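Worksheet: one structure, shown below.
Numbering of ligands and ligand atoms starts at 1, following listing order. If you're wondering where the values come from, they're calculated on a predicted model, not measured in any experiment.
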Amino acid sequence: MNPVVVLVGPMGVGKSTVGQLLAERLGVGYRDTDEDIVAAEGRTIAEIFVDEGEAAFRAIEKQAVHQALAEHDGVLALGGGAILDEDTRALLAGQRVVYLSMDVEEAVKRTGLNAARPLLAVNPRKQWRELMEARRHLYEQIATAVVATDGRTPEEVTQAALDALELTASPGGQPPDPRPEDVMASQVTRIQVGGTAGSEPYEVLVGRQLLGELGGLIGDKAKRVAVIHPEALAETGDALRADLAGQGFEAVAIQVPNAEEAKTAEVAAYCWKALGQSGFTRTDVVVGVGGGATTDLAGFVAATWLRGVRWIAIPTTVLAMVDAAVGGKTGINTAEGKNLVGAFHPPAGVLCDLAALDSLPVNDYVSGLAEIIKAGFIADPAILDLIESDPGAARTPAGPNTAELIERSIRVKAEVVSSDLKESGLREILNYGHTLGHAIEKNERYKWRHGAAVAVGMHFAAELGRLAGRLDDATADRHRAILEAVGLPLHYRYDQWPKLLETMKVDKKSRGDLLRFIVLDGLAKPTVLEGPDPAVLLAAYGEVGQ
Ligand SMILES: NC(=O)c1ccc[n+]([C@@H]2O[C@H](COP(=O)([O-])OP(=O)(O)OC[C@H]3O[C@@H](n4cnc5c(N)ncnc54)[C@H](O)[C@@H]3O)[C@@H](O)[C@H]2O)c1
Ligand SMILES: O=C(O)C(=O)C[C@@H](O)[C@H](O)[C@H](O)COP(=O)(O)O
């Protein structure tokens, strides 16, 4: 007999609450090995620890866990340290195991100085950090699904576990057959970028709990690590710095302004100064954690310091995950335009931890959908189908297709930049919607979200394609429908056209006086439209301007 689901994770993560909810939803029984121990011993776990010490408790626990694994066919929750035992881990291999995770701050918030939890009686933050460090890889080793609990209600965690395991709730019904082979999907996805056309290969990882990968990416040559983060992620930046310091690096956190305010020469100079003052050498490493503005800046700082040092991107917005952090375009804005100063400098690795998206404001989340939709129109129409199947769900990280949308979009970008890193041809297709989009951003002094401007820009590009006789009506109309359905804008001020046109003339795709736009010849058939008739351009803007 095997449990349908085994729940593991640190103490206080909510295994009992979620376990009972899961059991209810699956129509099976619930059992908790900590409760078994307390009932059999007639003492609390804290009392066993105090009376006999941890080793004796672990022996009692091992026996209780092995018995429950053999007897129980419902949902089984294990104590936080049960996985420390090698035989127990071996028994769990091949079973459906869900690791409920939480970060250290959340753990301290939930359990604090709770004396009933014997391992955390003093200095809880330090103890938690050590406990997590020691156990995280063991949880991950045996887990078939990892479900983050931070900021989620027990009901949301339960649903996430069901989704991750692809289990259907069947209240009162038969428990599903365990299908261990179908649960690996929740593991980390690795997408390779580069490795062709003379560029170094690197990986984009998509999943949860990925920070354990950071040390390996930094490598053993680095002595110093600079963590560049925006104001909004001050705690994350500092926690990363502290973790890296704990691993023996001289780690500094460099806080920069949120969003586009970070992409200036002044902020880049501030970062250079911080690197200079910390004695940053060629073997040291920059880590950029944040949205696309932060990763663009961090990559640029890494590209320019000592003419180029290693950097790692930890994107925390959907837009940065699917686009900005991948592909090595780094840069800053100037008063004259968007990204006018920059360098091609690919990262050594990209860690897309989906849990980061839970704290992202909805407007920033939706802004990222513009680049996902772009990837759909230029290369992978399945993306459009997924969004159209439930546009409301696409607006939130809890939607059922979030990981697939992100991974598909990254694959589009990875394929393009792998064959044309420096934009000598094919890579221009990634600029779909950006020619007008960037002009709008500049006109708004970079106060508009990038994705919103790109959405208007894609609407314009679709109308331009249609009026130039390239794009069929159905595909052009599909632009409006899908952008509108997810809540992205389609229109901009009509009276601004002369200014926008002037800005577009210095777009990076322009050659001399020749304006160049990416348009579609059909769905997923991007092409370049050179020197369009000014009357056609104005007519296309007539559809967009209001
Ligand atoms: N290099 C490229 O290839 C490329 C591609 C696409 C876009 N970009 C650039 O990316 C930028 C836009 O990136 P963006 O949409 O990620 O915006 P952003 O970086 O401005 O982030 C949006 C806001 O969310 C905050 N934030 C980030 N992560 C958060 C989180 N997890 N929780 C709460 N708040 C969070 C940020 O501090 C910021 O205030 C633009 O500058 C654009 O030009 C670059
Ligand atoms: O990676 C690319 O190439 C792109 O064009 C992706 C765009 O989504 C992105 O906004 C990029 O920063 C634009 O680059 P730019 O060269 O037009 O500034």
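With Arg241 contributing its side chain and Val252 its backbone, the two residues share no donor-acceptor pair below 3.5 Å. Judged by distance alone, with hydrogens and angles left aside, the side-chain atoms of Asn333 form no donor-acceptor pair with the main-chain N or O of Lys338 at under 3.5 Å.
Under a 4.0 Å criterion applied to the non-hydrogen atoms of Asp323, ligand 1 contributes the atoms 3 (O), 5 (C), 6 (C). Against a heavy-atom cut-off of under 4.0 Å, Pro230 is close to the following atoms of ligand 1: 37 (O). Heavy-atom contacts of Glu371 reach the following atoms of ligand 1: 6 (C) (cutoff under 4.0 Å). Distances below 4.0 Å separate heavy atoms of Thr317 from the following atoms of ligand 1: 14 (P), 16 (O), 21 (O), 27 (C), 28 (N). Close approach of ligand 1 to Gly291 (heavy-atom distance below 4.0 Å) involves ligand atoms 16 (O), 19 (O), 27 (C).
Inclusion of Ala356 in the set of residues having an N or O under 3.5 Å from an N or O of ligand 1 is warranted. Distances between N or O atoms of Thr330 and those of ligand 1 include no value under 3.5 Å. Any N or O atom pair closer than 3.5 Å counts here, and Lys329 shares at least one such pair with ligand 1. Any N or O atom pair closer than 3.5 Å counts here, and Arg427 shares no such pair with ligand 1. At least one N or O atom of Ser359 sits closer than 3.5 Å to an N or O atom of ligand 1.
Residues Ser367 and Asp364 have side chains that never bring a donor and an acceptor to within less than 3.5 angstrom of each other. Under the 3.5 Å distance criterion, with hydrogens and angles disregarded, no donor-acceptor pair is assigned to the side chains of Asp243 and Gln247. Side chains of Glu371 and His434: a donor-acceptor N/O pair is present below 3.5 angstrom, by distance only. Checking Tyr270 against Gln255 by side-chain atom types alone, no donor-acceptor pair falls below 3.5 Å. Under the 3.5 Å distance criterion, with hydrogens and angles disregarded, no donor-acceptor pair is assigned to the side chains of Glu543 and His491. Side-chain contact annotation: Asn431 with Lys509, donor-acceptor N/O pair under 3.5 Å present.
Of all the heavy atoms of Lys263, the ones lying under 4.0 Å from any atom of ligand 1 belong exclusively to the side chain. With a 4.0 Å cut-off on non-hydrogen atoms, Lys338 touches ligand 1 through its side chain and not its backbone. If you look at Asp296 next to ligand 1, the close heavy atoms, those under 4.0 Å, all belong to the side chain. Residue-level proximity to ligand 1 for Lys413 is carried by the side chain, the only part with a heavy atom below 4.0 angstrom.
The protein heavy-atom contact nearest to atom 14 (P) of ligand 1 is Gly292 N, 3.5 Å. Scanning the protein heavy atoms around atom 35 (C) of ligand 1, the nearest turns out to be Leu360 CD1, 3.6 Å. Nearest non-hydrogen protein atom to atom 11 (C) of ligand 1 is Ala293 N, 3.4 Å. In terms of protein heavy-atom proximity, atom 24 (O) of ligand 1 is nearest to Asp364 OD2, 3.8 Å. Here the heavy atom of the protein found nearest to atom 8 (N) of ligand 1 is Ala324 CB, 3.5 Å. The protein heavy-atom contact nearest to atom 25 (C) of ligand 1 is Ala232 CB, 4.3 Å. In this structure, atom 20 (O) of ligand 1 lies nearest to the protein heavy atom Ala259 CA, 3.0 Å. Protein heavy atom in closest approach to atom 37 (O) of ligand 1: Asn258 OD1, 2.9 Å.
At most 12 non-hydrogen atoms from other residues, nucleotides or ligands lie less than 6.0 angstrom from CD of Glu235. The environment of CZ in Arg307 is sparse: at most 12 heavy-atom neighbours from other residues, nucleotides or ligands sit within 6.0 Å. More than 12 heavy atoms of other shown residues, nucleotides or ligands fall within 6.0 angstrom of atom CD in Glu423. The local environment of CG in Asp533 is crowded, with over 12 non-hydrogen atoms from other residues, nucleotides or ligands closer than 6.0 Å.
Considering only residues two or more places apart in sequence or on other chains, Glu261 meets the salt bridge (Lys or Arg N to Asp or Glu O under 4.0 Å) condition with Lys447.
With Arg152 as reference, Val147 is the one residue of Thr158, Val18, Val147 to meet the side chain to side chain contact (heavy atoms under 4.5 Å, CB included) rule.
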Self-check item: Stepwise salt bridge (charged side-chain N to carboxylate O under 4.0 Å, His left out) check, Glu213 with Arg190
Solution: CA-CA 12 Å; Glu213 304 275 344; Arg190 291 170 182 268; 3.2 Å; yes
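Annotation: the span from His438 atom NE2 to Leu500 atom CG amounts to 13.5 Å, rounded to 0.5 Å.
Under 4.0 Å from any atom of ligand 2, one finds heavy atoms of residues Asp323, Lys329, Asn339, Glu371, Lys374, Lys413, Arg427, Leu430, Asn431, His434, His438, His450, Lys508.
When side chains are defined from C-beta on, Leu529 does not count as touching Arg516, because their heavy atoms never get closer than 4.5 Å.
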